[in-house]
Each structure stands twice: as C-alpha cells, then as structure tokens.
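Down below is the structure, laid out as structure tokens.
Nothing here was measured: the structure is a model prediction, and the numbers come from that model. Just so you know, residue 1 is the first one in the sequence shown, and it goes up from there. FYI, side chains are in, hydrogens and waters are out, and symmetry mates aren't considered; it's all heavy atoms of this structure. When a ligand or atom number is given, it counts from 1 through the structure's own listing order.
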Amino acid sequence: MTYDTNNIFAKILRGEIPNKTVLENEYVLAFHDIHPQAPVHILVIPKGAYTDIGDFGAHASEKEIAEFYRAVSQIAKDAGLTAEGYRVVANTGVNGGQDVPHFHVHIIGGEKLGSSLRRS
Ligand code: AMP
C-alpha cells in the first residue's frame with residue numbers, strides 16, 4: 001500500500017489537526033483517542049511514514065522499532081495500567097478494521113475488557 005500523506009495521523013504529525021498529546025519524542029507521538037472505547041484509550045504512532053504493522057516491521061530502522069515499543073510500555077506504565085493489565089491492538093488492513101492508514105497501536109485499559117476476538 002502506498003502511504004497516503006493526507007491521512008489524519010499524518011495531518012496530526014504536521015500540526016494541522018490538534019491532538020491531546022500523552023508522549024512525544026523524536027520517534028513517536030502518543031495521544032488520546034478522540035472516541036475512547038475504555039477509560040484509557042491512547043494511540044501510539046511512529047513519526048515515520050508507515051502504513052501498517054507489516055510496513056513498519058519490514059522497513060523501519062531498529063532504532064525506530066525499539067523506540068516505538070519502549071514508548072508503548074512507558075505510556076502504559078505512566079497511565080497506571082501495568083498492575084491490572086491492558087490491551088494493545090494494531091488493526092491491520094480491511095479485514096483487521098484499520099481505518100487510518102498510518103501504523104498505530106491502541107493502548108486500551110482502565111477496566112476489564114471483553115473478548116478481543118469479536119467478529120463485529
Ligand atoms: P483504526 O480503526 O485502528 O485505524 O483506529 C483509528 C482510531 O483513530 C479510531 O479509534 C479513531 O477514534 C481515532 N481517531 C480518528 N481521528 C482522530 C483524531 N483526530 N484524534 C484522535 N483520534 C482519532
């Protein structure tokens with residue numbers, strides 16, 4: 001898939017759309033989801049232009065990948081999710097229900113979550 005530079009997360013990264021930032025560094029931006037599905041719902045995106053987890057895993061540098069997953073862990077810890085647990089989701093492609101074609105993971109928690117394998 002070709003990267004669409006007009007996707008909403010690309011616009012957020014360029015500062016064209018506001019976001020509620022949780023963490024930002026050279027490699028990563030994390031912000032609150034605009035339609036939270038749980039008490040804590042944070043999106044984590046790499047600053048590089050990657051369409052999905054496959055693109056990220058295949059083409060990102062080791063530094064980008066390390067910084068991304070380190071940020072996910074740190075954000076979950078800082079949000080107070082570590083003790084009781086949480087879910088990290090990377091919707092991918094049409095079947096995975098990915099709406100925004102810039103790689104991102106959802107960190108979801110703050111309550112007991114339902115099944116992660118629902119079909120709808
Ligand atoms: P996905 O379906 O995995 O691509 O998830 C995209 C997520 O982005 C959804 O949970 C949306 O609620 C969220 N979203 C869309 N636009 C914004 C925005 N401007 N700020 C924050 N979250 C957004």
Side-chain angles (χ1 to χ4, degrees):
M1 192 202 302
T2 309
Y3 185 80
D4 171 12
T5 56
N6 280 322
N7 78 73
I8 201 149
F9 293 170
K11 290 180 180 177
I12 285 175
L13 283 170
R14 291 196 296 266
E16 295 167 13
I17 294 176
N19 74 91
K20 291 189 175 169
T21 301
V22 172
L23 175 149
E24 181 169 17
N25 62 33
E26 184 180 350
Y27 298 95
V28 173
L29 177 67
F31 49 95
H32 292 285
D33 196 290
I34 205 166
H35 298 304
Q37 305 294 313
V40 176
H41 188 167
I42 296 167
L43 299 170
V44 188
I45 70 174
K47 288 198 170 173
Y50 302 103
T51 56
D52 62 17
I53 195 168
D55 187 22
F56 185 67
H59 300 118
S61 68
E62 291 182 13
K63 181 74 173 163
E64 287 175 292
I65 292 170
E67 290 289 335
F68 185 82
Y69 287 104
R70 222 175 276 292
V72 170
S73 303
Q74 188 65 48
I75 290 160
K77 186 177 173 202
D78 291 348
L81 301 178
T82 307
E84 296 192 322
Y86 57 98
R87 184 170 293 155
V88 178
V89 175
N91 295 325
T92 307
V94 174
N95 281 2
Q98 181 179 1
D99 292 322
V100 180
H102 179 113
F103 172 51
H104 55 281
V105 299
H106 302 247
I107 300 176
I108 306 161
E111 66 183 11
K112 185 132 178 66
L113 302 168
S115 168
S116 62
L117 297 176
R118 287 195 307 267
R119 294 183 121 176
S120 58

Flag, side chain of T5 to backbone of Y3, donor-acceptor distance under 3.5 Å
no
Could you tell me which residues satisfy ring-ring contact (aromatic ring centres under 6.0 Å, His included) with H41, sequence neighbours excluded, listed by chain and number?
H106
Centre-to-centre under 6.0 Å for F9 and H104, is that the case here?
yes
Side-chain heavy-atom pair Y50, H102 within 4.5 angstrom cut-off:
no
Whether Q98 side chain and G93 backbone form a donor-acceptor pair below 3.5 Å:
yes
Check each protein residue for a heavy atom under 4.0 Å from ligand 1 and list those that pass, ordered by chain and number.
I8, F9, I12, F31, H32, D33, I34, H35, L43, N91, G97, Q98, D99, V100, H104, H106
Could you walk me through whether Q37 and D33 pass the side-chain hydrogen bond (donor to acceptor under 3.5 Å, both in side chains) check?
CA-CA 8 Å; Q37 305 294 313; D33 196 290; 5.7 Å; no
